[in-house]
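Notes to accompany the following structure.
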Protein chains: 2
Amino acid sequence: MRIGELSRRTGVSPRALRYYEEQGLLTPARRPSGYREYEERDVTTVRRVQVLLSAGLGTSVIAEIVPCADDPDVVLAGRCPELLDGLAQERARITAAIDDLAAARDILDSLVGRPL
Amino acid sequence: MRIGELSRRTGVSPRALRYYEEQGLLTPARRPSGYREYEERDVTTVRRVQVLLSAGLGTSVIAEIVPCADDPDVVLAGRCPELLDGLAQERARITAAIDDLAAARDILDSLVGRPL
DNA sequence: CTTGACTCTCACGTCAACGTGAATGTCTAG
DNA sequence: CTAGACATTCACGTTGACGTGAGAGTCAAG
């Protein structure tokens with residue numbers, strides 16, 4: 001499929017999809033015309049990328065993750081052992097971020113007079 | 001106290017403190033020399049600002065909140081009724097952000113093979 | 001009086017994930 | 001064959017919360 005269809009099916013702008021390629025998150029084939037040709041699995045990849053981005057992961061980190069999880073069935077992990085450390089760190093970062101948000105929400109609540 | 005001490009006591013850079021003033025989050029007095037003179041309560045204010053910033057609130061929103069909570073004892077809320085709506089929205093935003101982060105964390109876990 | 005730490009005000013630089021044209025080429029339906 | 005939708009590659013613009021000098025004034029200590 002071409003970039004427009006992938007864009008519609010994922011809700012991600014063509015510009016963003018080209019940006020993902022520039023960052024190494026996607027590597028679509030090219031037609032003789034230069035048009036990008038995407039695969040079905042790229043739909044899944046793009047969705048996964050979106051979630052990870054919203055989690056605050058940078059494109060460089062995601063670029064390391066994506067190829068390790070290229071088989072959606074096996075979904076496994078031990079494939080890229082050297083990533084486990086980094087992923088654990090990211091997980092900790094996310095947990096910390098959640099805690100921070102909860103703390104900020106508590107502050108808002110106290111400002112509004114809602115008891116903790 | 002001057003900007004350096006406030007910086008040390010809050011862990012916030014002088015540049016950031018000047019930025020906060022520019023955004024209306026702080027309004028320190030000035031010495032004849034032009035030096036900023038901060039009060040004790042500014043330490044608390046800065047810390048609160050930090051938490052709210054980390055929660056994703058913009059400086060303009062915080063600028064509206066800070067003066068309404070200037071009395072840390074009264075901590076009350078109804079003082080600025082017109083803010084309640086906005087704050088409720090922000091609260092919802094924070095809650096949504098927490099949910100997103102939790103979802104992303106679950107995805108990371110599934111990638112690592114950890115069961116949900 | 002001078003040194004050094006501290007402060008001041010511009011004002012441009014940074015980073016991330018794109019948005020937004022501009023100029024041009026490709027494809028497909030009538 | 002031609003119009004229109006869709007694609008390409010630059011390349012600069014955006015947003016927020018600051019970082020980073022530059023050039024100059026201030027202040028306490030020796």
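In what follows, chains carry the letters A, B, and so on, assigned in the order in which the sequence lines appear, proteins first and then strands, with residues in each chain numbered from 1.
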Legend entry - Listed partners of B:Thr95 passing side chain to side chain donor-acceptor pair (under 3.5 Å), at least two apart: A:Arg105

Inset, instruction - Starting from C1' on C:dC18, measure out to CD on A:Glu21 and report it in whole angstrom. - result: 15 Å

Inset, instruction - Could you tell me which non-hydrogen atom of A:Arg2 sits nearest to which non-hydrogen atom of A:Tyr38, and how far apart they are? - result: C-CD1, 4.0 Å

Legend entry - Pairs touching residues 7-20 of chain B that satisfy side-chain hydrogen bond (donor to acceptor under 3.5 Å, both in side chains), sequence neighbours left out: B:Arg9-B:Glu40, B:Tyr20-B:Gln50

Inset, instruction - Considering just the side-chain nitrogens and oxygens of A:Arg36, establish if one lies under 4.0 Å of OP1 or OP2 belonging to D:dA7. - result: no

Inset, instruction - Grab the OH-C1' distance between A:Tyr38 and D:dC6 for me, whole Å please. - result: 14 Å

Inset, instruction - Apply salt bridge (Lys or Arg N to Asp or Glu O under 4.0 Å) to A:Glu39 and list each qualifying residue two or more places apart in sequence or on a separate chain. - result: none

Inset, instruction - Could you tell me the separation between the CG atom of A:Leu25 and the P atom of C:dA16, rounded to a whole number of Å? - result: 13 Å

Inset, instruction - Grab the CZ-P distance between A:Arg8 and D:dC6 for me, whole Å please. - result: 6 Å

Report each atom pair, protein N/O against N/O of nucleotides 17-20 of chain D, whose distance is under 3.5 angstrom.
| from | atom 1 | to | atom 2 | distance (Å) |
| --- | --- | --- | --- | --- |
| D:dA17 | OP2 | B:Thr59 | OG1 | 3.3 |
| D:dC18 | OP2 | B:Tyr20 | OH | 2.9 |
| D:dG19 | OP2 | B:Ser13 | OG | 2.6 |
| D:dG19 | N7 | B:Arg15 | NE | 3.2 |
| D:dG19 | O6 | B:Arg15 | NH2 | 3.1 |
| D:dT20 | O4 | B:Arg15 | NE | 3.1 |

Legend entry - Lys/Arg N to Asp/Glu carboxylate O, B:Arg36 vs B:Glu21, below 4.0 Å: yes

Inset, instruction - Using the test side-chain contact (heavy atoms from CB on, under 4.5 Å), find all partners of A:Ser60 that sit at least two apart in sequence or belong to another chain. - result: none

Below 3.5 Å between N/O atoms, which protein atoms pair up with nucleotides 27-30 of chain C? Just atom names and distances, please.
| from | atom 1 | to | atom 2 | distance (Å) |
| --- | --- | --- | --- | --- |
| C:dC27 | OP1 | A:Ser33 | OG | 3.3 |

Legend entry - Salt-bridge present (B:Arg93, B:Glu90; N to O < 4.0 Å): yes

Legend entry - Atom-pair distance (CD on B:Glu22; P on C:dT9), nearest Å: 10 Å

Legend entry - Which atom of A:Leu52 lies closest to which atom of B:Ile107, heavy atoms considered: CD2-CG2, 4.3 Å

Inset, instruction - Give a yes/no on whether any side-chain N or O of A:Arg18 is located under 4.0 angstrom from OP1 or OP2 of C:dT20. - result: no

